[in-house]
Amino acid sequence: MPELPDVEVFKRYLDSTSLHHRITDVQIQSSQVLGDVSEQDLRADLKGHEFECTKRHGKYLFTGLDSGRWLVLHFGMTGNPKYFKDMDQEPQYDRLLFSFANGYHLAYQSRRKLGEVALLDDLQAFVEGKELGPDVLDESFDLQAFKKVLQGHRGMVKSALMNQQLMAGIGNVYSDEILFQAGIHPRTKVNQLDDEQLGEIFKGMKEVLNMAIDRQADPQQFPDTYIIPHRHQGGTCPCCGAEVRRVKVSGRSAYYCPNRQGEP
DNA sequence: CCTATAGCCTGACGGC
DNA sequence: TGCCGTCAGGCTATAG
């Protein structure tokens with residue numbers, strides 16, 4: 001689930017639910033999701049403290065504690081936060097559970113446990129350590145910056161969009177949507193794109209991601225000109241009705257419309 | 001520098 | 001119903 005729009009929706013969800021409550025308890029149902037941090041350290045760092053603010057970089061969500069430290073939340077392919085009151089609403093795949101003084105709980109849910117939770121002192125150092133590129137929705141990431149990042153890149157355009165070291169936030173699903181909107185085949189080589197195509201991709205990128213955030217990252221609310229609700233075997237292009245095709249790019253499934261995006 | 005592959009984990013889904 | 005293969009919105013290490 002979690003690409004940039006999903007994580008941004010998670011961020012706003014935490015902002016409206018989980019800030020400024022004293023953390024009274026931390027339960028660790030599955031320590032596999034803990035990265036560098038031990039169970040003891042996680043408890044010690046959170047208990048008695050509260051979340052003050054949140055930040056996001058690409059697909060990473062950070063919650064700032066009143067101690068000055070940060071809890072990093074990454075959700076892998078299947079995960080989300082869930083705020084709830086009664087334990088009978090506890091989500092099925094919660095791996096961590098934070099309890100607040102107001103009686104509510106925040107669960108870190110992750111079915112496949114591919115995500116990771118850790119504690120940090122320095123956000124900047126974390127981003128640099130992971131060698132993450134700029135967040136694609138950051139205002140400073142404009143067309144010029146986009147072109148610069150792709151300058152000299154020789155790979156396929158879908159791979160480049162998904163490469164978190166080049167730019168952070170886009171994953172498998174949204175890269176398909178961006179390229180569908182731009183009318184460009186996912187296997188197109190970056191160095192074969194002309195200026196106009198780069199402009200189309202950039203524009204599609206900002207539009208698609210902002211639209212998705214506006215619609216709560218819920219595909220059911222997406223415009224009917226979007227391919228996302230149709231990107232599965234047997235799906236049809238919302239514009240021309242052609243059956244969507246699937247090819248492998250960087251080991252992931254790319255879906256595209258052969259009419260709109262052509263064949264390489 | 002770039003691609004493909006496997007692995008990490010736990011399912012959901014379709015076919016027989 | 002059960003078993004099996006395939007696929008799944010991420011990331012990393014490895015080999016070529």
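Reminder, nothing fancy here: chain letters follow the sequence lines and each chain counts from 1.
Taking the six-membered ring where the residue is Trp, A:F51 and A:F98 present perpendicular rings, their angle passing 60° and hence far from 30°. In this pair, A:F100 and A:H21 present their aromatic rings tilted. The plane angle is within the 30 to 60° band.
Of the candidates A:D41, A:D122, A:D45, A:D45 is the only one forming a salt bridge (Lys or Arg N to Asp or Glu O under 4.0 Å) with A:R69. Among A:D135, A:D6, A:D138, the single residue meeting the salt bridge (Lys or Arg N to Asp or Glu O under 4.0 Å) criterion with A:R56 is A:D135.
Taking every side-chain heavy atom of A:K113 into account, B:dT10 is the closest of B:dT10, C:dT12, C:dG9. Side-chain atoms of A:V173 lie closest to C:dG9 of the nucleotides C:dT12, B:dT10, C:dG9. Across C:dG10, C:dG9, B:dA12, the shortest atom-to-atom separation from the side chain of A:D6 is found for C:dG9. Taking the side chain of A:R187 as heavy atoms from C-beta on, and the options B:dA4, C:dA8, C:dG9, the nearest nucleotide is B:dA4. With B:dC9, C:dC7, C:dG9 as the candidates, the nucleotide lying closest to the side chain of A:Q32 is B:dC9. Side chain of A:M77, nearest nucleotide from C:dC11, C:dG9, B:dC9: C:dG9. With B:dC8, B:dT3, C:dA8 as the candidates, the nucleotide lying closest to the side chain of A:M156 is B:dT3. Listed nucleotides C:dA8, B:dT3, B:dT10 differ in distance to A:S159; the shortest reach to its side chain belongs to B:dT3. Residue A:R111 has its side chain nearest to B:dG11 when only C:dG10, B:dG11, C:dC7 are considered.
At a cut-off of 3.5 Å, with distance as the only test, no side-chain donor of A:K82 or A:Q109 sits close to an acceptor on the other residue. If you check the side chains of A:D66 and A:H49, you find a donor sitting under 3.5 Å from an acceptor. Using modelled atom types, one finds a donor on one side chain and an acceptor on the other under 3.5 Å when comparing A:Y256 with A:E263.
Computed from coordinates, the A:H153 NE2 to B:dC2 C1' distance equals 7 Å when rounded to whole Å. In this structure, A:L166 atom CG and B:dC2 atom C1' are separated by 11 Å, rounded to whole Å. For A:D176 and C:dG9, the CG to C1' distance is 10 Å, given to the nearest whole Å. One can place CD of A:Q151 at 12 Å from P of B:dC2, the figure rounded to the nearest angstrom. Atom pair A:L161:CG and C:dC11:C1' shows a separation of 17 Å (rounding to whole Å applied). Regarding A:N191, its CG atom lies at a distance of 10 Å from the P atom of B:dT3, rounded to whole Å. For A:H232 and B:dG14, the NE2 to C1' distance is 15 Å, given to the nearest whole Å. Going from atom NE2 of A:H74 over to atom P of C:dG9 covers 14 Å, rounded to whole Å.
Between A:E3 and A:Q165, the residue anchored closer to the 5' end of DNA chain C is A:E3, taking for each the nucleotide with the nearest heavy atom. Taking for each of A:G251 and A:N163 the nucleotide of DNA chain B with the nearest heavy atom, the 5'-most of the two is the partner of A:N163.
If you check every strand for non-hydrogen atoms under 4.0 Å, A:S110 touches nothing. At a threshold of 4.0 angstrom between heavy atoms, the contacts of A:E116 with the nucleic acid are absent. When heavy atoms are screened at a 4.0 angstrom cut-off, A:M162 is found touching no nucleic acid atom at all. At a threshold of 4.0 angstrom between heavy atoms, the contacts of A:Y93 are confined to the sugar-phosphate backbone, with no base atom among them. Note on A:Q233: nothing from the nucleic acid sits closer than 4.0 angstrom, heavy atoms only. Residue contacts shown for A:R154 are limited to sugar-phosphate atoms, with no base heavy atom under 4.0 Å away.
An OP1 or OP2 oxygen of C:dC7 is reached within less than 4.0 angstrom by no side-chain nitrogen or oxygen of A:Y255. Taking 4.0 angstrom as the limit, A:T78 places none of its side-chain polar atoms (N or O) nearer than this to OP1 or OP2 of B:dT10.
Nucleotide C:dG9 forms no Watson-Crick or G-U wobble pair with any nucleotide shown, as no partner meets the under 3.5 Å limit on both distances.
If you take atom P in C:dC4 and the same atom in B:dC9, they sit 23 Å apart, rounded to whole Å. As rounded to the nearest Å, B:dA6 and C:dC7 have C1' atoms that lie 16 Å from one another.
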